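Just so it is clear, the model here is predicted, and its values are computed rather than measured.
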Amino acid sequence: MRKGLAGQRLVAMFIAGVLLLNFPLLSLFDRPVTLFGLPLLHVYLFVVWGGLIAAVGWIVERGAR
């Protein structure tokens with residue numbers, strides 16, 4: 001049962017990634033604003049990308065136990 005739950009969580013992460021990296025949400029961050037000297041869109045993309053990688057890694061490691 002644990003393996004099936006991890007698979008469901010990975011599918012949920014895929015869907016979250018598609019939604020977070022899709023046009024309507026990306027257009028909210030495509031502004032001429034900088035954060036720490038970097039464009040807001042680039043900061044958003046790298047934070048979401050890193051968060052998705054960390055979440056998938058956590059799910060995979062937790063499912064292996």
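Transitive grouping of hydrophobic side chains (ILVMFWY, heavy atoms separated by less than 4.5 Å) keeps F46 and L21 in distinct clusters. One hydrophobic cluster, built from ILVMFWY side chains closer than 4.5 Å, holds both V11 and V18. One hydrophobic cluster, built from ILVMFWY side chains closer than 4.5 Å, cannot hold both V56 and F14; they sit in different ones. Under the 4.5 Å side-chain contact rule for hydrophobic residues, W49 and L40 do not share a cluster.
For the pair L26 and L45, the minimum side-chain heavy-atom distance is below 4.5 Å.
Distance check: L41 CG to L35 CG gives 12.0 Å after rounding to the nearest 0.5 Å.
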Going through the distances and angles, do L19 and L25 end up as a side-chain contact (heavy atoms from CB on, under 4.5 Å)? CA-CA 8 Å; L19 292 175; L25 199 57; over 6 Å; no
Decide side-chain contact (heavy atoms from CB on, under 4.5 Å) for V60 and L10; before the verdict, give the C-alpha distance in whole Å, the side-chain angles of both, and the deciding distance to 0.1 Å. CA-CA 8 Å; V60 169; L10 289 174; 4.2 Å; yes
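Considering all non-hydrogen atoms of both residues, Y44 and L20 come closest at OH-O, 2.8 Å.
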